[in-house]
Number of protein chains: 2
Amino acid sequence: MVTLKQLAKELNVSISTVSKALNNSEEIGEDTVKRVKELAELYRYKPNKVALSLKQNKTKTIGVIIPDILNHFLAKVLFGIEREATKHGYNIITCISNESLDKEKESLQLLANGSVDGFILSVAEETQTKNEVEHFKRTINHGLPIVMFDRVAHDVMCDKVIVDDFDATYNATKYLIEKENRKKIAFISNIDQLSIGKLRERGYAKAILENTNYEPLILKINKNKDAQQKIKSFFKKHKPIDGVISADSASGIIAINTSAKFGLNVPKDISVIGFASKSASNLSLPRLTTIRQHAKVIGANAAQMLIERMQNTSREGDVKTKIVKTSFVKNKSTLK
Amino acid sequence: MVTLKQLAKELNVSISTVSKALNNSEEIGEDTVKRVKELAELYRYKPNKVALSLKQNKTKTIGVIIPDILNHFLAKVLFGIEREATKHGYNIITCISNESLDKEKESLQLLANGSVDGFILSVAEETQTKNEVEHFKRTINHGLPIVMFDRVAHDVMCDKVIVDDFDATYNATKYLIEKENRKKIAFISNIDQLSIGKLRERGYAKAILENTNYEPLILKINKNKDAQQKIKSFFKKHKPIDGVISADSASGIIAINTSAKFGLNVPKDISVIGFASKSASNLSLPRLTTIRQHAKVIGANAAQMLIERMQNTSREGDVKTKIVKTSFVKNKSTLK
DNA sequence: CTGAAAGCGCTAACAA
DNA sequence: TTGTTAGCGCTTTCAG
């Protein structure tokens, strides 16, 4: 990589002249500017990012800490973040916490040494279980803003982007009860430990308790266990289930596939609604009626909020929470 | 963030003393070291990464350019890269090319300004279609090593990590012909434009041509089109298909689900084998028999190769290609 | 119109 | 044992 110094030497001018010429300063003579620019072009000169960062004390880089990159929703949010960040001239450094508190702390520390100007993150499962937040607060106190999305820590004062998990699940459940006249609706989840899993469960439970005379019927699946088997025996035990709300996409799809094995026609005998993306909902036959989360929008919003905060160093304290509403997308796993 | 300067001032010593003390230099007196370390601890001093990078002319950062983060395989490779990089003290900056040549070029340029020490990438679709490689060569000539994985540009001299796409598909096809005695095996793909898609198709075709007396039977699905519909009409038109090899996971799963709609029993009447990850193969009932790609291993290997190359600045020219073999995982969508 | 110099935070050769 | 200085690549103020 060429440096200003080398250009200056070759042109027999000073470093500052070259710098100014390239930055279109008014001070420099027309022909000098031209000479400088031509040589710079020739050598494909690019100002060294590291030097710039040091000088200006900002890196134009965002640290993103994701619990699980194999989670389609989280990957999609990352996509949204990346696109928005790029649009504003920011790069992103990605760390994967792998749902571990220690790795999350470590990533935060590691990048808080001047590598990034701020963070976007979704809280790791272990962190939520143990309810630790000190590392977040410390980071913010050190002057690095954080924006949390989806799984957020409520007792940390920072900007947040969340989903209407509770309402969406409540409404979906009520839909099955009222519009489809379902009599025994179950809730299936493999994310019951997460804040969002709990919200979804509560939304379901509230709708059941308010509108029916039976108790909520809930199946919690450990992520590493055999979901197909679990769902099969659950269906058998609680026959006749005629509606399913799933908190995650895998459970919803497996529920549809399993129904067929039981001789149940979806949606005639049983309706299934689940949180899922479009690509996931296409994997079942009939297609899964879904609660769609607009992951890219969430990512873009988070990036916008962070960038805005990083630019307005002034007014602090007034943290915002943005709710990105889900959409209900009717496919063929429900009636009508 | 505290700086050495501030610590030095508070301790009434020089900056270099503080620096040396923190770096356990032999030169500094025991008690000075202690005093310094205590204050540093108190203020949670972390050496500024940017200043270090500038000084040492390396960033300990890897640029990763991925065509599509929503592709489960690519996300998994990214996971492998991140883990290996972190293990060696490297960060990763992620760019998503979105299968676009321009975005790929742009990302390469943008990060080649001192932001990263090298690149790991998988070639964008458009780049493969147009067969452009100049931007890769230029980057390498500028002193930034590249490691390509999965979709590679063969005419670029650089380290590569690839999969045995051809052999794996050839063997899987042969397996259906010989071991399962299938008489009409189709190939379904939504990635026919990609180098790896072509390799898989050729592996299938070779097995068919060598071992049967019919022509290869191939369905190419445009990614944005209705795969369910396409597969349905394909099945109808070419009845009786009794075997499917799918180049991507979605096609395989949809093929299984579609078979049921045709009254075909999987695997009794029709066998399906597809490239897929474990989590994807769990989404069909019966589970998809898969060609597993070990994405994380691919990522880890790529990271290792790059890190090694960045450290041995000396010997160049001798580029390596590593093949990470697939595994054949028998599930219930094939006989026996 | 051009150049010299300081400084961002750090390390390391050299001086004291 | 500690301090001074130069320099990584860049911008920017101030002198010329």
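Listed by first and then second residue, the side-chain hydrogen bond (donor to acceptor under 3.5 Å, both in side chains) pairs that reach into residues 138-152 of chain A are A/E99-A/R151, sequence neighbours excluded. Identified under the salt bridge (charged side-chain N to carboxylate O under 4.0 Å, His left out) test for residues 111-123 of chain A, with sequence neighbours left out: none.
A heavy atom lying under 4.0 Å from DNA chain D marks none of the residues of residues 28-40 of chain A.
Evaluation of the side chain to side chain donor-acceptor pair (under 3.5 Å) rule for A/T61 yields no partner, not counting sequence neighbours. Taking the side chain to side chain contact (heavy atoms under 4.5 Å, CB included) definition, one finds that B/V152 meets it with B/M148, B/H154, B/K160, B/I162, sequence neighbours left out. Take B/K9 and apply the side chain to side chain contact (heavy atoms under 4.5 Å, CB included) test, not counting sequence neighbours, and it matches no residue. Among residues two or more places apart in sequence or in another chain, the side chain to side chain donor-acceptor pair (under 3.5 Å) test is passed with B/D159 by B/R309. The side chain to side chain donor-acceptor pair (under 3.5 Å) check on B/S53 picks up nothing, with sequence neighbours excluded. In terms of the side chain to side chain donor-acceptor pair (under 3.5 Å) criterion, residue partners of B/E104 (sequence neighbours excluded) are, by chain and number, B/T127, B/H135.
Distance CG (A/N12) to P (C/dT2): 13 Å, rounded to an integer number of Å. Taking atom CG on B/L11 and atom C1' on D/dT2, their separation rounds to 13 Å, with Å as the unit. At whole-Å resolution of the value, CE in B/M1 and C1' in C/dG9 are 13 Å apart.
Taking the charged nitrogens against the carboxylate oxygens, A/E41 and A/K37 have no contact shorter than 4.0 Å, which rules out a salt bridge.
A/E10 and A/Y43 share a side-chain donor-acceptor pair at under 3.5 Å. A donor atom on one side chain and an acceptor atom on the other are not found under 3.5 Å apart for A/Q128 and A/Q193.
Taking 4.5 Å as the limit, every side-chain heavy atom of A/N48 sits out of range of all side-chain heavy atoms of A/T3.
More than 12 heavy atoms of other residues, nucleotides or ligands lie within 6.0 Å of NZ in A/K60, so this atom counts as buried by the packing criterion.
OP1 or OP2 of C/dG3 has at least one side-chain nitrogen or oxygen of A/S14 nearer than 4.0 Å.
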Got a list of protein N/O to nucleotides 6-10 of chain D N/O distances below 3.5 Å?
| residue | atom | partner | partner atom | Å |
| --- | --- | --- | --- | --- |
| D/dG7 | N2 | B/K55 | NZ | 2.6 |
| D/dG7 | N3 | B/K55 | NZ | 3.4 |
| D/dC8 | OP1 | A/K5 | NZ | 3.3 |
| D/dC8 | OP2 | A/K5 | NZ | 3.4 |
| D/dG9 | N2 | A/A51 | O | 3.4 |
| D/dC10 | OP1 | A/Y45 | OH | 2.7 |
| D/dC10 | OP1 | A/N48 | N | 3.1 |
| D/dC10 | OP2 | A/L4 | N | 2.6 |

Show each protein N/O and nucleotides 13-16 of chain D N/O combination with a separation under 3.5 Å, one pair to a line.
| residue | atom | partner | partner atom | Å |
| --- | --- | --- | --- | --- |
| D/dT13 | O4 | A/K20 | NZ | 3.3 |

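End-to-end axis angle of the helix from C/dC1-D/dG16 to C/dA16-D/dT1, using five pairs per end and rounding to 10°, comes to 60°.
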